[in-house]
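What follows is a set of notes on a single structure, which appears directly below.
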Amino acid sequence: MLDAKRFELSRVRTGVPRDSSALPPIVEEKLRIGKPKNTAAGIVGVQKSFSIGLEQAGLKKTLQTMLSVNRFDGYDCPGCAWPDPDNHRSTFEFCENGAKAFATEATNKRVTPDNLMESSVTELSRMTDMELDKMGRITHPMYLREGSEYYEKIDWKDAIEIISSRVRNTNSPDEVVFYTSGRTSNEAAFLWGTLARQIGTNNLPDCSNMCHESSGVALSSSIGIGKGTVKLSCFDEADLILVIGQNPGTNHPRMLTALAGCRENGGSVVSINPLEETAMKRFKHPQKPLHLLGRGAQIADEHLPVRIGGDAALLQGFAKVVLTEGSVDSDFVSSNTKGFDNWQRHINSASWDEIVEQSGISRESIERVGNAIAKSKRMIVCWAMGLTQHKNSVAVIQEISNLLLVGGHFGKPGAGACPVRGHSNVQGDRTVGINHHPSEEFLSACERETGIPMPRKRGYDVVEFIQASLKGEVGVYMALGGNLISAMSDTQRVAEAIRNIGLTVQISTKLNRSHLVTGREALILPCLGRTEIDPGGFVTVENSMGLVHSSKGTLEPASDALLSEPEIVCRIGHGLYPNGPLDWNVYHDHENTRYLISRCIPGFENYNSRVRSKGGFYLPNGPRDGPTWNTPSGKAQFFCHDLPDRKVNDERFIMMTVRSHDQYNTTIYGMDDRYRGIYNARRVVMMNKKDMLEIGVSPGQEVDLTSHWGERKICSERWKVVPYDIPRGNLCSYFPEANVLIPLESTAEGSNTPTSKWIEISISLRS
Ligand SMILES: Nc1nc2c(c(=O)[nH]1)N[C@H]1C(S)=C(S)[C@@H](COP(=O)(O)OP(=O)(O)OC[C@H]3O[C@@H](n4cnc5c(=O)[nH]c(N)nc54)[C@H](O)[C@@H]3O)O[C@H]1N2
Ligand SMILES: Nc1nc2c(c(=O)[nH]1)N[C@H]1C(S)=C(S)[C@@H](COP(=O)(O)OP(=O)(O)OC[C@H]3O[C@@H](n4cnc5c(=O)[nH]c(N)nc54)[C@H](O)[C@@H]3O)O[C@H]1N2
Ligand SMILES: [Mo]
């Protein structure tokens, strides 16, 4: 089954206990602290984009890819889920960070079985995350047998056989778990969900459990759909846009064009964030030459430096102003909503003192912005991880929908809710069934169309999966993309959970820590990236605004041995179920999968033809198109929430974990956070200068951080302090390094999302 020489080699090396590290090594970093930048995405952005591409992928591939990214007939940028203009596209619809995402996939470097075999997994795990990624694209399927320290080459057929036999050997379907990361296409995701359910489980944890789950839960119960309700064109029509808990300059750079568009048309933009992120100050459009000459356009009219976790208070403050001003859209409220009277009483009784204390924003500022909200006829509220990764995230997001409902900001252009999604197809994946508690409607349609009996029992989300695995209740774990070890909270506990599993399988493009901290046996199945030519045809994705469109790669695959994600899923499906009822071999062709989806999911009728129309098609969206409300009462619902208890021990800080400008989630591109003026270092903790003075630390000094959760304490050593303009008592560090400090049990109520933006920390100085 395996190449004999390799088998011998691996046997010789077998028997050493694996000791791979789940945490990236602590390396000497020559931290340089500069000034945060005042302008985002100017010429440096474009030059940098090209140089990144050139360095990793060479001139030909760089040009070829940059000319096809986000074009109507090109590939969807794997960078983020921000939409492209519906009707017109410029020559280059990319941004600096999209360029980095492309370059890391199109790199000329390769991880071959030969070079992987040179090091044990333990040795590889001593490399930094950036070094692992920079090793290049994985070229062949590889196998880490039980007891061995070395990956070896395996062919596809044998790999599939190992998976089939291990799945068959489990005692119950609930011992099998399918993780999904949000870059996966609709086609691959639908097949992945179907395969899980054919095995008999809804164990489909996915990256959105750590991301926008809170938005989905909150909005589904408030407005009857777990998605945003605006289109890109709405940004030109809005008179007010609130951007809360989001850093678009780094994470959704193309959104800046839309915000600038709102301002050009006379609208206002308000930023609500503990940090004044660079992009919210000024913006230079990388594709507009005139922009590049001047100082750039101002983005935010007003910045409110809210305390971490102070948004619920702030939003209730705004609501108080709206009610006091009498700016209720009474017609809208009476014909579309329920619960207004209760909510009005609740808000009227909220205390201004508590609102000001929790939010850290003066009553005067809250009233100023509150007045703008009260006057607004077309308001959009955008948010991302700053709101979704808190204990009370679901409540906070419902405060947003309350505020939108009271002003009647649904069902008209220029207004609505805009949770800005992260991974480029995370929204599509959920739409097509990556869901650990799918609806009965969805399951019965799939049952009817596939002939496969669908399980009804709720499956695990990511936290529940880790908990089950710690108890030894998971036999096989398969991941369609992603890097759960590094992306999840409580890194050491997660590693313990993963090591408890019999077989772990990663379908991946690049090497990461999840290939090194594994189950007793592990497989790496390498797949085509989105930029590459796929023999199954084009695939499709859904962006943050519910538009479904095609994505077609143009580059030659990184290796002949790669398969598309859908084909890998089909091969596993066929290996397990060669005799039907579904003929898995048919779905190597993505057209057939789309046909099946169109039969199972409302809104995808005539999928194959509609997705071929220029720019694709919008999925139905009740609050936007009607407004109509798919809630039990048929109306949108106001929700009342008391302000959370935010008392923490006086000596403790609240820490949020964010992305630097040089990373894509757990993929680290470089060591600089240019916009924030932090260079050559990632193991840093940003702190208010007054707090630094009070505890007696100087810039660059190393401290140890300890997180607190009930009796539990987790310590992480050697973090360099960076003075930063952040509210007092608040800290900021980067993930994935800081994930080790987030206790597994610390999750959001209602969505179970790890509280990556609320970690209680004490600091000790190193002697
Ligand atoms: N280049 C690049 N692009 C990306 C990604 C990437 O890693 N790199 N990741 C993608 C993914 S998966 C996602 S989900 C998105 C993430 O996009 P973002 O949500 O922008 O990502 P974060 O870096 O987590 O930034 C969170 C922001 O919220 C603020 N914040 C933290 N706590 C609070 C709070 O309590 N209240 C308020 N009001 N603000 C708070 C932080 O200061 C920070 O500005 O980006 C996507 N796009
Ligand atoms: N502390 C803290 N933790 C967080 C967050 C935070 O803000 N703070 N954010 C959370 C969020 S919002 C998210 S979305 C998660 C992200 O969690 P994940 O989605 O699990 O992590 P990524 O780092 O995006 O996954 C990167 C890996 O995906 C693989 N990959 C890349 N492209 C492809 C492809 O086309 N196909 C396949 N099959 N594989 C591919 C590569 O091997 C790469 O190493 O992290 C979460 N973790
Ligand atoms: Mo995300």
Side-chain angles (χ1 to χ4, degrees), residues 78-82 95-98 100-101 104-105 129 132-133 138 179-185 188 206-212 243-253 271-277 280 304-311 314 383-390 396 420-424 426 462 479-489 506-515 524-531 565 568 654 656-667 669 726 730 732-739 741-742 753-759:
C80 72
W82 189 257
C95 69
E96 175 190 346
N97 279 335
K100 290 180 191 166
T104 192
E105 183 170 298
D129 292 331
L132 287 174
D133 182 71
I138 305 166
Y179 176 72
T180 315
S181 171
R183 200 174 274 184
T184 276
S185 62
D206 77 314
C207 69
S208 72
N209 299 150
M210 300 177 276
C211 183
H212 263 295
V243 180
I244 317 183
Q246 198 200 340
N247 178 19
T250 287
N251 298 315
H252 305 91
S271 139
I272 298 173
N273 197 313
L275 310 181
E276 189 175 9
E277 303 284 22
M280 300 310 291
L304 300 180
V306 67
R307 289 208 171 110
I308 297 177
D311 304 273
L314 188 61
W383 70 91
M385 297 304 102
L387 291 195
T388 63
Q389 300 172 332
H390 283 280
V396 177
V420 182
R421 302 280 161 177
H423 263 303
S424 48
V426 62
V462 280
L480 187 51
N483 179 11
L484 191 64
I485 284 277
S486 303
M488 250 301 267
S489 53
Q506 286 283 144
I507 302 174
S508 307
T509 50
K510 303 287 293 283
L511 204 59
N512 63 45
R513 217 155 278 283
S514 296
H515 304 111
I524 303 176
L525 306 181
C527 64
L528 293 171
R530 202 181 270 180
T531 51
E565 291 180 351
I568 296 173
I654 295 301
M656 56 183 177
T657 56
V658 301
R659 293 151 172 81
S660 85
H661 194 64
D662 259 356
Q663 74 183 84
Y664 192 90
N665 298 340
T666 68
T667 301
Y669 303 135
I726 182 171
N730 287 175
C732 179
S733 60
Y734 300 129
F735 98 100
E737 288 82 350
N739 277 7
L741 287 160
I742 310 172
T753 297
T755 61
S756 305
K757 302 290 191 269
W758 180 274
I759 316 166

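Indexing begins at 1, ligand by ligand and atom by atom, following the structure's order.
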Going by the atom numbers of ligand 1, which of them fall below 4.0 Å from some non-hydrogen atom of Gly309?
34 (C), 35 (O)

Show me which atoms of ligand 1 lie under 4.0 Å from any heavy atom of Pro274.
30 (N), 33 (C), 37 (C), 39 (N), 40 (C)

Taking only non-hydrogen atoms of Thr250 and a 4.0 Å limit, the atoms of ligand 1 in range are 1 (N), 2 (C), 3 (N)

Within reach of ligand 2, part of Thr666 (heavy-atom separation under 4.0 Å)
both

Met488 and ligand 2 - part of the residue with a heavy-atom distance under 4.0 Å
neither

Identity and distance of the protein heavy atom lying nearest atom 31 (C) of ligand 2
Thr509 OG1, 3.3 Å

Numbered atoms of ligand 1 (with element) below 4.0 Å of Ile272, judged on heavy atoms
38 (N)

Could a heavy atom of Arg421 be found less than 4.0 Å from some atom of ligand 1?
no

Find all atoms of ligand 1 within a distance of less than 4.0 Å from any non-hydrogen atom belonging to Leu275, and give their numbers and elements.
42 (O)

Closest to atom 9 (N) of ligand 2 by heavy-atom distance, out of Gln663, Arg659, Met210, Met385, is Arg659

Which heavy atom of the protein is the closest neighbour of atom 16 (C) of ligand 2, given with residue, atom name and distance?
Asn665 ND2, 3.6 Å

Note the single closest protein heavy atom to atom 42 (O) of ligand 2, along with its residue, its atom name and the distance in Å.
Lys510 O, 2.7 Å

Nearest protein heavy atom to atom 1 (N) of ligand 2, by residue and atom, and its distance?
Asn739 OD1, 2.3 Å

Taking only heavy atoms of Gly481 into account, list the atoms of ligand 2 that are under 4.0 Å away from them.
37 (C), 38 (N), 39 (N)

Give the residue, atom name and distance (to 0.1 Å) of the protein heavy atom nearest atom 47 (N) of ligand 1.
Asn251 O, 2.9 Å

Examine Glu105 against ligand 2 and note whether any of their N/O atoms are separated by less than 3.5 Å.
no

Among Ala188, Gly482, Gly182, closest by heavy atom to atom 28 (O) of ligand 2 is Gly482

Would you mind checking which non-hydrogen protein atom is closest to atom 46 (C) of ligand 1, with the distance to 0.1 Å?
Gly422 CA, 3.7 Å

Closest protein heavy atom (residue, atom, distance) for atom 8 (N) of ligand 2
Thr657 OG1, 3.1 Å

N or O contact, Asp311 vs ligand 1, cut-off under 3.5 Å
yes

Using a strict cut-off of 4.0 Å, indicate which atoms of ligand 1 neighbour a heavy atom of Ile308.
35 (O)

May I ask you to check if ligand 2 and Lys757 share an N or O to N or O distance below 3.5 Å?
yes

Check each heavy atom of Gln506 against ligand 2 and say whether those closer than 4.0 Å belong to the side chain, the backbone, both or neither.
neither

Just to be sure I read this right, does ligand 2 sit under 4.0 Å from the backbone of Gln389, its side chain, both, or neither, counting only heavy atoms?
side chain

At a 4.0 Å threshold, what atoms of ligand 2 neighbour a non-hydrogen atom of Ser181?
18 (P), 19 (O)

Would you confirm whether His515, through its side chain, and Asn512, through its main-chain N or O, come within 3.5 Å as a donor-acceptor pair?
yes

Would you check the N or O atoms of Cys211, main chain and side chain alike, for any that come under 3.5 Å of an N or O of ligand 2?
no

closest protein heavy atom to atom 24 (O) of ligand 2 is His423 NE2, 2.9 Å

Test your reading of the structure: does Cys207 have an N or O sitting under 3.5 Å from an N or O of ligand 2?
no

With sequence neighbours excluded, tell me which residues meet ring pair (Phe, Tyr, Trp, His ring centres under 6.0 Å) with His423.
Tyr664

Would you confirm whether Ser514, through its side chain, and Leu484, through its main-chain N or O, come within 3.5 Å as a donor-acceptor pair?
yes

Would a distance-only check, ignoring hydrogens and angles, find a side-chain to backbone donor-acceptor pair under 3.5 Å from Thr753 to Asn209?
yes

Per-atom filter on ligand 2: closer than 4.0 angstrom to a heavy atom of Cys527 are 36 (N), 37 (C), 38 (N)

Can you sort out which atoms of ligand 2 are near Tyr179, meaning under 4.0 Å from one of its heavy atoms?
17 (O), 18 (P), 19 (O), 20 (O)

Close-contact set for ligand 2 against Ile742 heavy atoms, below 4.0 Å:
1 (N)

Ligand 1 atoms in contact with His252 (distance to a heavy atom under 4.0 Å):
15 (C), 17 (O), 45 (O), 46 (C)

Could you find the nearest protein heavy atom to atom 35 (O) of ligand 2 and give me its residue, atom name and distance?
Arg183 CD, 3.7 Å

For atom 30 (N) of ligand 1, find the nearest protein heavy atom and state the residue, atom name and distance (0.1 Å precision).
Gly386 CA, 3.5 Å

Under 4.0 Å from a heavy atom of Glu565: give me the atoms of ligand 2 that qualify, with their elements.
34 (C), 35 (O), 36 (N), 37 (C), 38 (N)

